[in-house]
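Below: one structure, written as structure tokens.
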Amino acid sequence: MKESCAICKDRSCAVSILNDSELELLEQNCSEGMFRKDEIIFHQGSIISHIVYVRTGLVLEYLKGNSGRNQIIQIVKNRSYLGLPSLFGDRVNNYSYKALEALTVCYIDINTFKNLIKTNGNFAYEILVSVCQDSLNSHHRFLNINAKQTFGKVADALLYFARVIFENNTFELSLTRSDIGALIGISRESTTRALNKFQTEGIIRTTSSKFEILKPHMLQKISESG
DNA sequence: CCATTAATTTAGT
DNA sequence: ACTAAATTAATGG
């Protein structure tokens, strides 16, 4: 038995705007799903069948390269819709999504979702806000990273995890070193080297997947100076 | 079902 | 590229 969207504690900002009849419509056209860690939610190139809304858990958004070399685009937090730009800009999904931890999701019928956008301006506004924030965030991150050297990039990544994703200076991240490298466009080796340097300088503490940022201001400085 | 070992993946140099 | 460590899968009791 599915719990009501109206009382869902994980519902999106956009959904909290809907009135009773709209909520009922949404409820009748969506279903719940779960993913385990490392499961693929959907692949790039697949037809968009449903909107996937992430209620809990973190998701990796990436682009598969020709030679198994993946470009990681961003980490998607919970309470987000996956692949909205693809929904409105294309017929197929442009990116691939993988669960970084156990997820609970909702599948929403595309037409229901589109109709809500068309008929409820406030709902559409909230969706637009989230898509644009996401876009700005990503662009800034990519542009910043482009202008930086290895240490600056790694510092950037750590600050991104701590500030944007986890909102905490200690966090556990189920990304491999090469994944972190793929996120900022450097090699696995360089990632290791930078992380070790930061650790010996007492800026961070890390054991494989656990990270603790001891001196955020130092990372900030490294990030700014390149 | 649990314990050992084999195989694959990941980290570090 | 190579080695060590760690994680995961397979096997046998």
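By convention in this document, chain letters (A, B, ...) are assigned in the order of the sequence lines, proteins followed by strands, and residues within each chain are numbered from 1.
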Sequence neighbours left out, what passes salt bridge (Lys or Arg N to Asp or Glu O under 4.0 Å) with A:Lys197? Give chain and number order.
->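 A:Lys197 satisfies salt bridge (Lys or Arg N to Asp or Glu O under 4.0 Å) with A:Glu201 once adjacent residues are dropped.
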Can you name the residues that form a salt bridge (Lys or Arg N to Asp or Glu O under 4.0 Å) with A:Asp134, not counting sequence neighbours?
-> none
Only distances under 3.5 Å count here; give the side-chain donor-acceptor pairs of residues 206-213 of chain A to other protein atoms, sequence neighbours excluded, each with its distance to 0.1 Å.
| unit_1 | atom_1 | unit_2 | atom_2 | d |
| --- | --- | --- | --- | --- |
| A:Thr206 | OG1 | A:Lys210 | O | 3.2 |
| A:Ser209 | OG | A:Glu172 | OE2 | 3.4 |

Among residues 192-211 of chain A, which residues get a heavy atom nearer than 4.0 Å to DNA chain B?
->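 Here the set is A:Thr192, A:Asn196.
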Under a 4.0 Å heavy-atom cut-off, which of residues 174-189 of chain A touch DNA chain C?
-> A:Arg188, A:Glu189
Given the side-chain rings of A:Phe113 and A:Phe123, with only the six-membered ring counted for Trp, is the space between their centroids under 6.0 Å?
->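 When the ring centroids of A:Phe113 and A:Phe123 are compared, they turn out to be within the sub-6.0 Å range.
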Near-ring test A:Tyr107/A:Tyr53, centroid separation under 6.0 angstrom |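 So the answer is no for these two rings.
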Sort out for me which residue in A:Ser46, A:Ser86, A:Ser49 forms a side-chain hydrogen bond (donor to acceptor under 3.5 Å, both in side chains) with A:Asn93.
->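 Among the candidates, only A:Ser46 passes.
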Going 5' to 3' along DNA chain B, which nucleotides are the first and last within contact of chain A (any atom under 4.0 Å from a heavy atom)?
->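 Counting from the 5' end, contacts occupy B:dT10 to B:dT13.
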Between A:Asp156 and A:Ser223, do the side chains contain an N or O donor and an N or O acceptor separated by less than 3.5 Å?
->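 On atom types as modelled, these side chains qualify, holding a pair under 3.5 Å.
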Using a distance-only test with no angle check, is there a side-chain donor-acceptor pair under 3.5 angstrom linking A:Thr150 and A:Ser190?
-> no
Give the C-alpha distance, both sets of side-chain angles, the deciding distance and a yes or no for salt bridge (charged side-chain N to carboxylate O under 4.0 Å, His left out) between A:Glu224 and A:Lys148.
-> CA-CA 9 Å; A:Glu224 282 165 7; A:Lys148 283 171 189 167; over 6 Å; no
Tell me whether A:Val164 is reachable from A:Ile73 by hopping between hydrophobic residues (I, L, V, M, F, W, Y) whose side-chain heavy atoms are closer than 4.5 Å.
->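 No.
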